[in-house]
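Contents: one structure, followed by commentary.
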Protein chains: 2
Amino acid sequence: MAAKKKSLEHASLLVLGLLAAEDMYGYQMIVELERRSDHTFQMKEGTLYPILHGLEQEGAVEAYEQQAPTGRMRRYYHLTRKGQALLHTEAEAWRSYAHGVDAVLHGILPLAEA
Amino acid sequence: MAAKKKSLEHASLLVLGLLAAEDMYGYQMIVELERRSDHTFQMKEGTLYPILHGLEQEGAVEAYEQQAPTGRMRRYYHLTRKGQALLHTEAEAWRSYAHGVDAVLHGILPLAEA
DNA sequence: GGATTATACCTCGATATTCTAGGTATTGCA
DNA sequence: TGCAATACCTAGAATATCGAGGTATAATCC
């Protein structure tokens, strides 16, 4: 009974999280997110690109173009120091939010898996 | 460094979660949510009441009025069987969503607390 | 007694976030 | 040649939540 594909609610946090490990280009992030979340969510292009542009304007990421082996141009994004700080803040907020929800739901579900 | 009060993103799930344990009235839910989440979030009245009315219309909750010891009228909500099913579905969706986010963020934060 | 605070309910319009649905262009494959 | 996958983008719609107001009663303080 796999969960349905869910919409996102912390899109920018997830983008920052991805970029913490390595530089990525947009399309790659969409594929990676679906893979890493075990197909739980699927970021839409209409969500991702505006977020990337916003993060770039804030100075949280920096973009550069690079040619793929195929010859196509890709726009890679790199996490700046400012972006790392932002990620840290948002990740912490996520932690306490998730904690809070779990506290309210405590005992509702039979702890599906380990 | 207590986290800032965060807005909600799963308001109806939290309402259902509260009602799983006992019947409650609106104002009480707001107070309880803040308490149980260790002051992490604070449901706004403008969020809660429309949700309660919606859940009632769906048949997920049933309302009844009851006089408080003070003499004031309170509108209590009771989780129906349908509401329990809804809660279960949403709680499971939450679990996999949270799992997915954690998978992406894995290793970002130094596991603040136990 | 009068004022203020806490309780208790409600709604409307604004804001924020994400999605839908389109668009462009290149590459690879059948 | 034509179609699918890759790769980028945007405008407007839809949804969720909040802010700020309203009403009314009960309790507390001066």
Side-chain angles (χ1 to χ4, degrees), chain A residues 4-16 18 23-35 37 40-58 61 63-77 86 90 93-94 97 100-101, chain B residues 4-16 18 23-35 37 40-58 61 63-77 86 90 93-94 97 100-101:
Chain A
K4 298 210 178 76
K5 233 149 236 178
K6 237 206 133 286
S7 60
L8 295 168
E9 284 136 31
H10 295 90
S12 71
L13 167 62
L14 292 170
V15 167
L16 293 170
L18 284 179
D23 293 1
M24 283 192 185
Y25 57 99
Y27 193 83
Q28 182 185 11
M29 294 183 205
I30 289 171
V31 175
E32 264 301 289
L33 266 180
E34 185 157 355
R35 190 185 68 74
S37 72
T40 302
F41 31 69
Q42 186 180 10
M43 169 123 25
K44 301 300 162 59
E45 303 194 345
T47 304
L48 176 61
Y49 290 110
I51 282 174
L52 285 174
H53 302 157
L55 290 175
E56 190 177 6
Q57 281 213 304
E58 290 178 51
V61 302
Y64 57 95
E65 310 244 331
Q66 191 171 295
Q67 201 168 28
T70 69
R72 298 198 56 161
M73 271 312 196
R74 290 168 176 167
R75 188 170 174 80
Y76 281 85
Y77 290 87
L86 182 59
E90 288 197 11
W94 158 257
Y97 178 74
V101 174
Chain B
K4 297 210 180 75
K5 232 149 237 175
K6 236 206 134 287
S7 60
L8 296 168
E9 286 136 28
H10 296 91
S12 70
L13 168 62
L14 293 170
V15 167
L16 293 170
L18 284 178
D23 294 2
M24 283 193 185
Y25 56 98
Y27 193 83
Q28 182 185 11
M29 294 182 205
I30 289 171
V31 175
E32 265 300 290
L33 265 181
E34 185 159 355
R35 191 185 67 74
S37 72
T40 302
F41 33 68
Q42 186 180 11
M43 169 124 24
K44 300 302 161 56
E45 303 194 344
T47 304
L48 176 62
Y49 289 110
I51 282 174
L52 286 174
H53 303 156
L55 290 174
E56 190 178 3
Q57 280 213 306
E58 290 178 52
V61 301
Y64 58 94
E65 310 242 333
Q66 190 171 295
Q67 200 167 31
T70 69
R72 299 199 53 163
M73 271 312 196
R74 289 169 177 167
R75 189 170 173 80
Y76 281 85
Y77 290 89
L86 182 59
E90 288 198 12
W94 157 256
Y97 178 72
V101 174

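Every chain is numbered from 1, with letters handed out A, B, ... down the list of sequences. Predicted model, so just to flag it, every value in this text is computed and none were measured. Below, each value reflects all heavy atoms present in this structure, side chains not excepted, and no hydrogens, waters or symmetry copies.
For the helix from dG1(C)-dC30(D) to dA30(C)-dT1(D), the axis fitted to the five pairs at one end and the axis fitted to the five pairs at the other end meet at an angle of 10° (nearest 10 degrees).
Contact check, Tyr25(A) against dC8(D): no side-chain N or O comes under 4.0 Å of OP1 or OP2.
Atoms NE2 (His10(B)) and C1' (dA16(D)) sit 11 Å apart, rounded to a whole Å. Here dT17(D) presents its C1' atom at 14 Å from CG of Leu33(B), a figure rounded to the nearest Å. Regarding Ile51(B), its CD1 atom lies at a distance of 14 Å from the C1' atom of dC10(C), rounded to whole Å. The separation between Leu55(B) atom CG and dC10(C) atom P is 13 Å, rounded to whole Å. Between the CZ atom of Arg74(A) and the C1' atom of dT6(D) there is a distance of 8 Å, rounded to whole Å. One can place CD1 of Ile30(A) at 11 Å from P of dC19(C), the figure rounded to the nearest angstrom. With rounding to whole Å, Leu48(A) atom CG is found 13 Å from dA7(D) atom P. Atom CE of Met73(A) and atom P of dT26(C) are 13 Å apart (whole Å).
Here the shortest heavy-atom pairing between Leu33(B) and Met43(B) reads CD1-CE, 3.0 Å. Closest non-hydrogen pair, Gly26(B) versus Leu48(B), comes out as O-CD2, 3.3 Å. When every heavy atom of Ser37(A) is checked against every heavy atom of Gly100(B), the shortest pair comes out as CB-CA, 4.0 Å. Residues Trp94(A) and Leu13(A) share a closest heavy-atom pair of CB-CD2, 3.6 Å.
Taking 3.5 Å as the limit, the base of dT25(D) and the side chain of Arg72(B) contain a donor-acceptor pair of atoms between them.
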Check: protein-nucleotides 9-15 of chain D nitrogen or oxygen pairs below 3.5 Å:
residue, atom, partner, partner atom, Å
dC9(D), OP2, His53(A), NE2, 3.2
dC9(D), N4, Glu45(A), OE1, 2.6
dT10(D), OP2, His53(A), ND1, 3.2

Dump the pairs, protein N or O against N or O of nucleotides 1-3 of chain D, anything under 3.5 Å, distances to one decimal.
none

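Considering only residues two or more places apart in sequence or on other chains, Tyr27(A) meets the ring-ring contact (aromatic ring centres under 6.0 Å, His included) condition with none of them. Every residue two or more places apart in sequence or in another chain that forms a side-chain contact (heavy atoms from CB on, under 4.5 Å) with Gln67(B) is listed here: Met73(B). Residues forming a salt bridge (charged side-chain N to carboxylate O under 4.0 Å, His left out) with Glu45(B) (at least two apart in sequence, or on another chain): none.
The shortest distance between side-chain heavy atoms of Leu52(B) and Arg75(B) does not fall below 4.5 Å. Annotation: side chain of Leu55(B) is in contact with side chain of Glu58(B) (closest heavy-atom distance under 4.5 Å). Side-chain atoms of Met24(A) and Glu32(A), non-hydrogen and from C-beta on, do get closer than 4.5 Å to each other.
Mapping Pro69(B) and Ala68(A) onto DNA chain D by nearest heavy atom places Ala68(A) closer to the 5' end of the strand.
Comparing atom distances between the Lys44(A) side chain and each of dC19(C), dT6(D), dC9(C) picks out dC19(C) as nearest. Distance from the side chain of Tyr27(B) is smallest for dA8(C) among the nucleotides dC8(D), dT17(D), dA8(C).
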Item to check | Step-by-step side chain to side chain contact (heavy atoms under 4.5 Å, CB included) determination, Phe41(B) to Leu14(B) | outcome: CA-CA 11 Å; Phe41(B) 33 68; Leu14(B) 293 170; 4.0 Å; yes
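Under the 30°/60° scheme for interplanar angles, the aromatic rings of Tyr64(A) and Tyr76(A) are found to lie parallel.
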